[in-house]
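The figures that follow rest on heavy atoms only: side chains count, while hydrogens, waters and symmetry mates do not. It should be emphasised that the depicted structure is a prediction, and the values quoted were computed from it without experimental measurement.
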Protein chains: 2
Amino acid sequence: MYMIVDTPTQTVLYTLEQAIKAYRKLCQQNIDQVMDKLTVDQALILIVLNKYPALSQQQIADLVFKDKASLTRIIELLVQKGLLTREIHNTDRRKFELHLTAQGQHTLAQLTDTIQLNQRTALAGLTEEELAQFHTTLQKIIANCTTPA
Amino acid sequence: MYMIVDTPTQTVLYTLEQAIKAYRKLCQQNIDQVMDKLTVDQALILIVLNKYPALSQQQIADLVFKDKASLTRIIELLVQKGLLTREIHNTDRRKFELHLTAQGQHTLAQLTDTIQLNQRTALAGLTEEELAQFHTTLQKIIANCTTPA
DNA sequence: TTGATTTTATTGATATATCAATTATATTTG
DNA sequence: CAAATATAATTGATATATCAATAAAATCAA
């Protein structure tokens, strides 16, 4: 018999998965309302690139917890859509300089309200203390999962 | 200017994403130690099928927050690996009856320790109160994201 | 400066997520 | 019962995740 016990332990991580999926679905639904054919991940990369234009693809990947291979492909799609330009870096020809096009800036502008809406919707009714505690617990879990045991 | 403000709001959902990815990576690493070429999602479906053998694919999908299309493909791989059998349902020929093979049972048995290890590792040092509070907050977020606003 | 190593990014292969369209079977309705 | 509708699962298309292998350029070391 291979009993899988329903400990709070198990429930919590299951609920964590549920929460992130629910949040991602909400985000995509709200993006769909203002923008055609843009994914949550594409929107995220636009936001990050606008905020940190000097980062390399690897640095962006680390920042958003994605693989560098995923970044390559997401950026490719953003370039295809005309939201981003990619040019060889001035001083290091292994890298690329990524810039939002006018259309990219426009897209991002249209998304700012949506981004705020997503966050406010997801966290409605939570106090600052509750959020702080939640954040602390998340950090502990991350530390537990990443310390090279 | 398209200022993206670093509110606690934003940070929390970012950290949530980080936590689930760190946890998934830990799980995969630990599975890799005892089992060759089995993914976290495949292991999850084995666990669920063992526990709830009578569920339809759609019901399993709902239970683990996956799409029914994803379930079809994961099950296909488990059948290919010889861990699962899939036979047409007795009374409803649209459905399938899914059963762990002997090898599937054996695989699951080898994973039970790993599953417990994953959970204990991820949640080490967290008190029951902290976990309960964490769970409550997650449920609020889920409710916020899923209520048809 | 050449040769070894490291860094940055791409590519290929496979797995999963999501949505839409389709197929097959069941159920409901008139 | 026949027609309409609903349900269960598959399939196709596209996006993303992950790992391994590769290519190109930069850096380090002898």
Side-chain angles (χ1 to χ4, degrees), chain A residues 17-18 20-29 31-32 35-46 49 54-81 83-84 86-98, chain B residues 17-18 20-29 31-32 35-46 49 54-81 83-84 86-98:
Chain A
E17 183 93 19
Q18 185 181 8
I20 197 71
K21 288 196 179 178
Y23 179 60
R24 290 193 131 250
K25 187 164 288 186
L26 170 74
C27 288
Q28 189 63 64
Q29 284 169 351
I31 289 176
D32 288 346
M35 191 64 56
D36 198 41
K37 296 184 183 296
L38 191 77
T39 68
V40 173
D41 293 299
Q42 289 164 14
L44 176 63
I45 299 308
L46 277 187
L49 275 175
L55 294 186
S56 72
Q57 293 184 197
Q58 179 64 66
Q59 287 173 316
I60 295 168
D62 293 343
L63 192 63
V64 297
F65 319 117
K66 289 181 185 299
D67 195 88
K68 58 184 191 290
S70 296
L71 249 286
T72 295
R73 282 149 187 156
I74 292 171
I75 286 170
E76 200 171 274
L77 291 174
L78 289 172
V79 171
Q80 270 178 31
K81 285 175 199 283
L83 305 178
L84 222 58
R86 180 176 49 177
E87 290 162 30
I88 293 176
H89 195 278
N90 264 335
T91 61
D92 187 339
R93 291 157 39 118
R94 293 171 304 184
K95 296 185 182 177
F96 291 95
E97 286 181 0
L98 303 166
Chain B
E17 184 94 18
Q18 186 181 8
I20 197 72
K21 289 197 176 177
Y23 178 60
R24 290 193 130 251
K25 187 163 287 186
L26 170 74
C27 288
Q28 188 63 64
Q29 284 169 351
I31 289 176
D32 288 345
M35 191 63 57
D36 198 41
K37 296 185 183 295
L38 190 78
T39 68
V40 173
D41 293 299
Q42 289 164 14
L44 176 63
I45 299 308
L46 279 187
L49 275 175
L55 294 187
S56 72
Q57 293 184 197
Q58 179 64 68
Q59 288 173 315
I60 295 168
D62 292 344
L63 193 61
V64 298
F65 319 117
K66 290 182 184 299
D67 195 87
K68 59 183 190 292
S70 296
L71 249 287
T72 294
R73 281 148 188 158
I74 293 172
I75 286 170
E76 199 170 275
L77 291 175
L78 290 172
V79 171
Q80 271 178 31
K81 286 175 198 282
L83 305 179
L84 223 57
R86 180 176 49 177
E87 291 162 29
I88 293 176
H89 196 279
N90 264 335
T91 61
D92 187 338
R93 290 158 39 117
R94 292 170 304 184
K95 297 185 182 178
F96 292 94
E97 286 182 359
L98 303 167

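Applying the salt bridge (charged side-chain N to carboxylate O under 4.0 Å, His left out) criterion to Lys95(A), with sequence neighbours excluded, gives no partner residue. Looking at residues two or more places apart in sequence or on another chain, you find a salt bridge (charged side-chain N to carboxylate O under 4.0 Å, His left out) between Lys66(A) and Asp41(A). Residues meeting the side chain to side chain donor-acceptor pair (under 3.5 Å) test with Gln58(A), sequence neighbours left out: Asp62(A). When the salt bridge (charged side-chain N to carboxylate O under 4.0 Å, His left out) test is applied to Arg73(B), no partner is found at least two apart in sequence or on another chain. Applying the salt bridge (charged side-chain N to carboxylate O under 4.0 Å, His left out) rule to Asp92(B) yields the partners Arg94(B); only residues at least two apart in sequence or on another chain are considered. Scored by the side-chain contact (heavy atoms from CB on, under 4.5 Å) test, Gln28(A) finds Ile31(A), Asp32(A), Thr39(A), Val40(A) as partners (sequence neighbours excluded). Taking the side-chain contact (heavy atoms from CB on, under 4.5 Å) definition, one finds that Arg86(A) meets it with Gln57(A), Ile75(A), Val79(A), Phe96(A), Leu98(A), sequence neighbours left out. The side-chain contact (heavy atoms from CB on, under 4.5 Å) check on Asp67(A) picks up Ala69(A), Ser70(A), with sequence neighbours excluded. Under the side-chain contact (heavy atoms from CB on, under 4.5 Å) criterion, Glu76(B) pairs with Gln80(B), not counting sequence neighbours.
Here the range on DNA chain D touched by chain A, meaning any atom under 4.0 Å from one of its heavy atoms, is dA15(D) to dA26(D).
Within residues 68-76 of chain B, the residues that have a heavy atom under 4.0 Å from DNA chain C are, in order of number, Ala69(B), Ser70(B), Arg73(B), Ile74(B).
Residue contacts shown for Asp67(A) include a base, since a base heavy atom lies under 4.0 Å away. At a threshold of 4.0 angstrom between heavy atoms, the contacts of Lys25(B) with the nucleic acid are absent.
Comparing the axis of the opening five pairs of the helix from dT1(C)-dA30(D) to dG30(C)-dC1(D) with that of the closing five pairs yields an angle of 10°, rounded to 10°.
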